[in-house]
Number of protein chains: 2
Amino acid sequence: MKNPAGASSSDRLVAAATKIVQAHGYGGLNMRDLAQDVGMKGASIYHHFPSKADLAAAVARRYWQDSAEALQALSATCDNPLDCLRRYPETFRKSLESDNRMCLSSFMAAEYDDLPEAVKKEVQAFADVNVDWLAQGLSAARIVPANEAEGRARAIYAAVAGAQLMARGRADIALFDALIASYRSAGLLPA
Amino acid sequence: MKNPAGASSSDRLVAAATKIVQAHGYGGLNMRDLAQDVGMKGASIYHHFPSKADLAAAVARRYWQDSAEALQALSATCDNPLDCLRRYPETFRKSLESDNRMCLSSFMAAEYDDLPEAVKKEVQAFADVNVDWLAQGLSAARIVPANEAEGRARAIYAAVAGAQLMARGRADIALFDALIASYRSAGLLPA
DNA sequence: ACCTGAACACCGTTCAAGT
DNA sequence: ACCTGAACACCGTTCAAGT
């Protein structure tokens with residue numbers, strides 16, 4: 001069954017491309033292999049997206065939108081702002097749990113020089129979503145003064161992304177956990 | 001003058017390839033363009049390195065060796081261990097100053113799934129060199145207890161690499177500086 | 001030894017032709 | 001409408017043949 005639950009071809013292309021980019025980057029995404037993943041031929045993709053750049057922009061857009069939803073869902077399930085912040089690294093851990101994959105936006109940040117402009121825009125939106133969510137949590141939990149919340153939020157985002165990158169480079173999820181623990185004991189993340 | 005100061009063809013290939021990988025990654029390194037950089041044809045490279053994998057391994061090895069030398073030189077110029085630690089982020093800032101390039105080992109960590117085994121080994125050596133240098137400085141400066149030095153060193157390395165990645169994704173070196181400043185005020189880096 | 005033209009395999013893309 | 005084989009121009013890589 002190539003099309004379960006009535007997902008459209010476009011949806012399945014975006015979903016499959018997301019997994020590929022998280023493992024191989026924009027440059028490592030090729031149309032023929034992607035097509036095979038969803039049961040069509042390479043040329044057929046162009047019936048759904050006019051170019052690789054458009055497909056990648058759609059992928060990156062969906063990625064930050066899904067991330068925004070996931071963070072909202074996290075906010076809804078935790079007891080208080082501090083609890084939310086403590087659980088933030090879980091969102092990055094999940095990628096590593098999925099075959100050592102990494103954040104799509106981190107991979108694409110590395111590929112900055114080779115990214116179409118429309119893709120760059122969506123990649124930055126992911127960081128914005130994360131930083132905004134963190135800043136709101138830091139303010140609500142009164143961890144830093146309001147005027148320092150955004151700066152600290154950016155620092156947490158960059159540090160957690162860096163931890164994921166280092167852990168991926170050794171395919172060692174325990175290293176990710178250790179890095180997060182070190183961030184906590186150093187005072188970057190709430191203990 | 002394609003060969004100044006008597007540098008060998010191999011040396012010039014490694015140097016030119018390093019700049020390319022820092023901007024486009026292992027996947028974005030192509031033999032014809034690299035060859036043109038040093039004044040030969042693509043096929044000629046294979047007279048100096050048996051494969052792209054061997055070339056990339058030589059590139060990554062030279063990269064961590066140069067980094068180890070640079071850190072030793074930094075140790076020699078600063079007044080005390082604390083001063084050394086404060087200046088550590090400069091080494092990552094320099095890459096961004098060079099046309100928004102990033103750490104070769106960070107880019108290759110993202111490309112983990114597509115890296116030849118020999119290259120992975122050298123990439124990890126870069127992290128080891130950095131972590132060891134940081135751990136020694138943290139111990140010498142008595143910033144953390146000896147048994148926590150390595151963990152904190154890894155955290156600093158990952159966080160600084162993450163700051164570089166985020167700043168590259170926006171081509172914004174001021175963001176890198178702001179992130180480092182936030183790490184200091186949060187207590188991850190010595191103030 | 002060092003270099004190269006030419007071949008090979010691959011990739012993004014297009015298009016005429018199918019259903 | 002959706003899909004496809006075949007082709008196009010291109011690029012990374014390899015190899016047989018040059019000097």
Fill in: Short side-chain N/O contact from K52(A) to OP1 or OP2 of dG12(C), under 4.0 Å
yes
Worksheet item: Within the structure shown, what part of the strands sits under 4.0 Å from L29(A) by heavy-atom distance: base, sugar-phosphate, or nothing?
Response: sugar-phosphate
Worksheet entry | Protein-nucleotide distance (D114(A), atom CG; dC11(D), atom P), rounded to Å | 14 Å
Worksheet, complete the sentence: Taken to the nearest whole Å, CZ/R12(A) to P/dC2(D) is 12 Å
Fill in: Length of the CD-P vector between Q36(A) and dT4(D), whole Å
11 Å
Worksheet item: Rounding to a whole Å, what distance do you find between M31(B):CE and dT14(D):P?
Response: 7 Å
Worksheet item: Over how many whole Å does the gap from L55(A) atom CG to dG12(C) atom P extend?
Response: 10 Å
Discussion item. Return the pairing partner of dA1(D) with a 3.5 Å limit on both distances, Watson-Crick or G-U wobble; otherwise return none.
Written reply: dT19(C)
Worksheet, complete the sentence: Rounded to whole Å, the CZ-C1' distance (R32(B) to dG5(C)) equals 10 Å
Worksheet, complete the sentence: Result for 5'-nearest mapping on DNA chain D, choosing between G42(A) and G27(B), is G42(A)
Discussion item. I want to verify a distance call: between dC3(C), dT14(D), dG5(D), whose nearest atom is closest to the M40(B) side chain?
Written reply: dC3(C)
Discussion item. Exactly one of R86(B), R87(B), R93(B) should register a salt bridge (charged side-chain N to carboxylate O under 4.0 Å, His left out) with E90(B). Which one does?
Written reply: R87(B)
Fill in: From dC3(D), dT14(C), dT13(C), nucleotide with atom closest to S44(A) side chain
dC3(D)
Worksheet item: So, E97(A) and K94(A), do they make that salt bridge, N to O below 4.0 Å?
Response: no
Practice prompt. Report the distance from atom CG of L13(B) to atom P of dC2(C), rounded to the nearest whole Å.
Written response: 12 Å
Worksheet item: Taking a pair as Watson-Crick or G-U wobble with both distances under 3.5 Å, which nucleotide is matched to dG12(D)?
Response: dC8(C)
Worksheet entry | Atom-to-atom span, OH of Y46(B) to P of dG12(D) - whole angstrom | 10 Å
Worksheet entry | Test: R62(A) and D11(A) ion pair at under 4.0 Å | yes
Practice prompt. Look at the side chain of H47(A) and decide which nucleotide, out of dG12(C), dT13(D), dC2(D), has an atom nearest to it.
Written response: dC2(D)
Practice prompt. For the side chain of K41(A), starting at C-beta, report the closest nucleotide among dG5(C), dT13(C), dG5(D).
Written response: dG5(D)
Discussion item. For D37(B), is there an ion pair with R12(B) - N to carboxylate O distance below 4.0 angstrom?
Written reply: no
Worksheet entry | Closest nucleotide among dT13(D), dC15(D), dA7(D) to the A43(B) side chain | dC15(D)
Item to complete: Please determine if a side-chain N or O atom of H48(B) lies less than 4.0 Å away from the OP1 or OP2 oxygen of dC3(C).
Response: yes
Practice prompt. Report yes if a side-chain nitrogen or oxygen of N30(B) is closer than 4.0 Å to either non-bridging phosphate oxygen (OP1 or OP2) of dG12(D); otherwise report no.
Written response: yes
Item to complete: Take Y63(A) and E122(A) through the side chain to side chain contact (heavy atoms under 4.5 Å, CB included) test and state the conclusion after the steps.
Response: CA-CA 9 Å; Y63(A) 190 74; E122(A) 305 298 343; over 6 Å; no
